[in-house]
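Atoms within each ligand, like the ligands themselves, are counted from 1 in listed order.
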Amino acid sequence: MSKLSKDIVQSTSGQPMVRAEGVHKSFGLAHILKGIDLEVNPREVFCLIGPSGSGKSTFLRCINHLEKISAGRLWVDGDLVGYRQKGDKLHELREKEVAAQRRDIGMVFQRFNLFPHMTALENVVEAPIRVKGETRAVARERAQRLLDRVGLGDRTGHYPAQLSGGQQQRVAIARALAMQPKLMLFDEPTSALDPELVGEVLDVMRDLAEDGMTMIVVTHEMGFAREVGDSLVFMDDGVVVESGHPRDVLTNPQHERTQSFLSKVL
Ligand code: ADP
Ligand code: MG
């Protein structure tokens with residue numbers, strides 16, 4: 001049993017962790033998501049691939065309330081997210097419900113977005129203290145454990161500028177985990193890194209996966225998708241073109257658009 005396991009919260013709802021039914025998103029006249037249907041099960045590593053501009057980040061952002069869906073239905077762990085349709089009426093959640101749902105979802109971006117004026121440890125303890133009202137002692141203890149776990153136990157007093165990109169991204173992962181999320185969203189977490197730093201971040205993600213964290217990972221790292229992923233979805237132009245087990249989709253893509261995309265990235 002690894003050290004991180006007690007920081008991983010498993011759902012008890014018996015529902016899929018994420019369920020999307022006909023999810024649409026428009027920005028003004030730009031129709032970006034055009035009816036996304038998918039299901040992510042608890043403990044699953046769900047990889048999302050597709051060309052730039054296909055709507056991958058927009059979809060992740062809808063899950064996390066950073067965007068509101070325009071139509072369709074989206075659930076996280078059995079709870080409706082954002083808007084829901086009642087007849088033809090769009091129904092908005094209360095602010096409190098949104099805040100509660102967001103607390104349970106961790107997100108890691110391409111850019112690490114650490115607070116530059118705070119040490120690694122301070123970055124990790126900030127949200128649990130501010131958002132969850134945890135005591136500093138409890139938050140510090142968990143932060144130390146999480147930073148140990150991502151291999152940065154000896155860097156807790158360093159500021160982001162004193163850390164490499166790979167180290168900063170590992171702090172960002174520890175920071176997201178500190179809120180004890182039941183779902184982690186990764187949006188191209190290694191795309192901004194120098195190639196030699198990619199592996200250390202993927203190793204941390206692999207560890208998390210082995211501990212049973214439910215993760216949606218937008219990535220161009222096909223090796224990671226193949227080795228760690230349980231499901232893989234190929235998105236293009238706002239629709240799911242193809243989905244299945246990563247090995248099947250990557251080695252035997254059925255659709256011309258998937259074949260063409262993979263021929264460029266593999
Ligand atoms: P991906 O992550 O697959 O590269 P995105 O979800 O970032 O794609 O973007 C999909 C499309 O949505 C792009 O054409 C982008 O310009 C557009 N888009 C994303 N966010 C906004 C926004 N806030 N306002 C207008 N257009 C947006
Ligand atoms: Mg994106």
Which heavy-atom pair separates Ser11 from Met17 by the least distance, and what is that distance?
->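 Taking Ser11 first and Met17 second, the nearest heavy atoms are CB-CE, 3.8 Å.
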Heavy-atom pair with the smallest gap, counting every atom of Thr119 and Gly157 =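 Heavy atoms only, the tightest pair is CG2-O, 3.4 Å.
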Remaining members of hydrophobic cluster (4.5 Å side-chain criterion), Met179 =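 Cluster partners of Met179: Val131.
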Determine whether Phe46 and Glu39 make a side-chain contact, defined as any pair of heavy atoms from C-beta on separated by less than 4.5 Å.
->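 A side-chain contact under 4.5 Å is absent here.
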Check this for me: does any side-chain nitrogen of one of [X] and [Y] sit under 4.0 Å from a carboxylate oxygen of the other?
| X | Y | result |
| --- | --- | --- |
| Arg175 | Glu126 | no |
| Arg43 | Asp230 | no |
| Arg145 | Glu141 | yes |
| Glu242 | Arg257 | no |

Does a sphere of radius 6.0 Å around CZ in Arg226 hold more than 12 heavy atoms from other residues, nucleotides or ligands, not counting ones at 6.0 Å or beyond?
->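 Yes, the 6.0 Å shell around CZ holds more than 12 heavy atoms from other groups.
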Does Glu196 CD have over 12 foreign heavy atoms under 6.0 Å away?
->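 It does: Glu196 CD has more than 12 such atoms within range.
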Please determine whether any non-hydrogen atom of [X] lies less than 4.0 Å from an atom of ligand 1.
| X | result |
| --- | --- |
| Gly50 | no |
| Gly238 | no |
| Ala30 | no |

Of [options], which has the heavy atom at the shortest distance from [atom]?
| atom | options | result |
| --- | --- | --- |
| atom 3 (O) of ligand 1 | Gln110, Lys56, His31 | Lys56 |
| atom 5 (P) of ligand 1 | Leu48, Thr58, Leu29 | Thr58 |
| atom 14 (O) of ligand 1 | Asp237, Ile32, Val218 | Ile32 |

Distance below 4.0 Å between atom 18 (N) of ligand 1 and any protein heavy atom?
->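 Given the 4.0 Å limit, the answer for atom 18 (N) of ligand 1 is yes, a protein heavy atom qualifies.
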Report the nearest protein non-hydrogen atom to atom 23 (N) of ligand 1: residue, atom name, distance rounded to 0.1 Å.
->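 Checking every protein heavy atom, the shortest distance to atom 23 (N) of ligand 1 gives Phe27 CE2, 3.4 Å.
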For Pro51, take its heavy atoms, then give the atoms of ligand 1 lying under 4.0 Å from any of them.
->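 Near Pro51, meaning under 4.0 Å from one of its heavy atoms, ligand 1 has 3 (O).
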Numbered atoms and elements of ligand 1 in range of Ser54, under 4.0 angstrom, heavy atoms =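 Result: 1 (P), 3 (O), 8 (O).
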Judging by distance only, is a nitrogen or oxygen of [X] under 3.5 angstrom from one on ligand 1?
| X | result |
| --- | --- |
| Gly55 | yes |
| Ser57 | yes |
| Gly53 | yes |

Geometric cation-pi criterion Lys264 and Phe261, 6.0 Å radius, 45° cone |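 Cation-pi check for Lys264 and Phe261: fails.
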Which residues and atoms, protein N, O or S only, are under 2.8 Å from the Mg ion (ligand 2)?
->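 N, O, S partners closer than 2.8 Å: Ser57 OG.
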Please name the residue in the list Arg19, Gln15, Lys182 that meets the side-chain hydrogen bond (donor to acceptor under 3.5 Å, both in side chains) test with Asp77.
->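 Considering Arg19, Gln15, Lys182, a side-chain hydrogen bond (donor to acceptor under 3.5 Å, both in side chains) with Asp77 is found only for Lys182.
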